[in-house]
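Just follow the structure's listing: the first ligand is 1, and inside any ligand the first atom is 1.
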Amino acid sequence: MKKRIFSGAQPTGELHIGNYLGALKNWVALQDEYESFFCIVNLHAVTLPQKPEVLKQKSLDLARIYLASGINPEKSTVFIQSDVSEHAELAWILSCVARMGELERMTQFKDKGKGNAERAGVGLFTYPILMAADILLYQTDLVPVGQDQKQHLELTRDLATRFNRDFGETFVVPEPFIPPIGANILSLQEPTKKMSKSDENANGSIFLLDDADTITKKFKKAVTDSGTEITFDESRPAIKNLLTIYQLMTGKTAEECEANFVGKGYGHFKTETAEAVIEFLKPFQQRVKDYSDEDLREILKTGAAKARAIARETLTDVYAKMGIVGAAN
Ligand code: AQP
């Protein structure tokens with residue numbers, strides 16, 4: 001039997017090359033080896049305010065991005081989170097297993113709640129519990145994510161272990177898969193923080209659907225460090241970030257990348273990196289046009305049916321172990 005992977009992205013804003021390099025690229029690479037579940041996590045999206053019509057369309061658009069990235073619906077199960085209500089049910093159960101103190105330590109809540117816990121939504125606070133439910137429902141072995149999700153994964157493991165200890169062996173305790181390169185692509189404008197969909201400064205992110213002109217302009221405006229050398233130097237995060245993007249887009253080794261820019265200036269480096277990104281995104285942007293909303297709905301319906309069957313099996317086991325048995329069954 002193949003081992004399982006589960007991962008997802010929120011249908012909020014525009015996906016950027018950080019999402020692709022940190023997550024989607026690895027999903028595509030792993031889907032042959034693993035039984036794969038890729039979810040569009042629209043219940044996570046509403047932890048921050050969303051416009052209903054936009055959220056609806058974005059959910060379909062994200063499915064389109066998954067497929068254009070190379071997710072094959074014949075091999076992988078692609079579905080929308082809200083189509084499988086077991087996610088919300090298990091999240092409730094796990095919220096009775098999690099501790100306040102554990103959630104208070106989550107740095108993403110501190111960032112997204114802007115340090116104002118009084119005003120932040122409760123859903124934003126319990127977001128990692130819903131994420132744990134997403135993963136544990138499918139008895140997931142491996143979770144391919146970017147660096148920013150590592151802490152949430154650790155909480156997922158803790159909740160699974162605690163539940164197994166208290167109620168008997170129920171959940172597979174999942175392992176994270178965080179790529180050695182590309183797990184934390186930084187903003188082009190503020191290279192101390194990650195590239196982000198919700199960044200107010202759009203120049204910080206290269207979106208997967210940006211046109212060539214926009215990409216060129218964003219790289220031209222990218223912040224650099226002092227000095228002139230173009231090397232993978234930890235102490236110069238802006239240059240290291242641009243070089244990492246160049247490396248992942250061209251498939252060159254680190255040595256080849258550094259050698260390529262010996263004696264060249266930042267202007268040349270930015271132009272060549274922009275060109276590499278534009279070239280890389282060209283076929284992807286073409287493939288995005290291949291799927292109609294109708295095609296996507298069919299794929300998502302099939303995916304949800306398959307996901308639901310597995311999710312229900314896990315939840316039935318959880319309820320039985322906890323003695324949650326209604327009069328109807
Ligand atoms: N900058 C990044 N570098 C590498 N990986 C990243 N991921 C996100 N940002 C980077 C990974 O992309 C996957 C899907 O992310 P998400 O939709 O759950 O959104 P997020 O993690 O909250 O980050 P975003 O895309 O920047 O959105 P906002 O602005 O809403 O926070 C995840 O595996 C994530 O690790």
Side-chain angles (χ1 to χ4, degrees), residues 5-30 36-50 54-55 58-59 61-63 65-66 69 71 78 80-81 87 106-114 120-121 123-124 127-128 130-132 134-135 140 142-156 174-202 204-209 218 222 237-238 240-242 244-245 247-249 277:
I5 58 176
F6 176 97
S7 201
Q10 301 185 70
T12 50
E14 302 289 329
L15 254 71
H16 48 75
I17 56 171
N19 297 129
Y20 177 77
L21 298 171
L24 269 73
K25 182 173 185 247
N26 304 306
W27 304 357
V28 174
L30 292 165
S36 307
F37 294 81
F38 299 120
C39 189
I40 290 146
V41 292
N42 57 350
L43 297 177
H44 281 276
V46 296
T47 54
L48 288 173
Q50 305 295 335
V54 175
L55 179 62
K58 287 271 175 209
S59 301
D61 291 344
L62 185 54
I65 298 255
Y66 284 7
S69 297
I71 301 295
V78 180
I80 297 185
Q81 190 182 25
H87 288 246
M106 296 293 120
T107 54
Q108 183 172 291
F109 172 70
K110 290 178 195 155
D111 293 343
K112 293 199 174 181
K114 300 197 165 75
L124 195 61
Y127 178 114
L130 180 58
M131 179 167 156
D134 298 341
I135 295 164
T140 303
L142 197 70
V143 187
V145 283
Q147 181 69 32
D148 62 323
Q149 295 300 330
K150 186 167 184 272
Q151 198 186 28
H152 291 167
L153 239 303
E154 278 159 10
L155 176 71
T156 301
E175 295 288 338
F177 177 92
I178 297 177
I181 310 172
N184 188 24
I185 299 294
L186 304 175
S187 158
L188 300 190
Q189 288 296 312
E190 281 181 78
T192 48
K193 60 177 209 187
K194 70 166 194 150
M195 189 175 282
S196 179
K197 292 191 218 112
S198 56
D199 193 338
E200 279 155 20
N201 185 353
S205 308
I206 303 290
F207 299 114
L208 295 177
L209 297 178
K218 286 182 178 177
K240 181 172 180 245
N241 188 46
L242 293 175
T244 301
I245 294 171
Q247 180 182 7
L248 290 166
M249 291 293 165
V277 174

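- For Lys25, the salt bridge (charged side-chain N to carboxylate O under 4.0 Å, His left out) test picks out no residue, with sequence neighbours left out.
- Sorted by chain and number, the heavy-atom contacts of ligand 1 below 4.0 Å come from Gly8, Ala9, Gln10, His16, Gly18, Asn19, Gly22, Ala23, Lys112, Val145, Gly146, Asp148, Gln149, Gly182, Ala183, Asn184, Ile185, Lys194, Met195, Ser196, Lys197, Ser198.
- Screening residues 176-190 for salt bridge (Lys or Arg N to Asp or Glu O under 4.0 Å), with sequence neighbours left out, gives Glu190-Lys193.
- For Asn19 (side chain) and His16 (main-chain N/O), a donor-acceptor pair under 3.5 Å exists by modelled atom type.
- Aromatic ring pairs are classed by plane angle as parallel below 30°, tilted from 30° to 60° and perpendicular above 60°; the pair Tyr66 and Trp27 is perpendicular.
- Judged as a side chain to side chain contact (heavy atoms under 4.5 Å, CB included), and not counting sequence neighbours, the contacts of Leu209 are Glu14, Ile65, Phe284, Gln285, Val288.
- A side-chain donor-acceptor contact under 3.5 Å links Asn241 to the backbone of Leu186.
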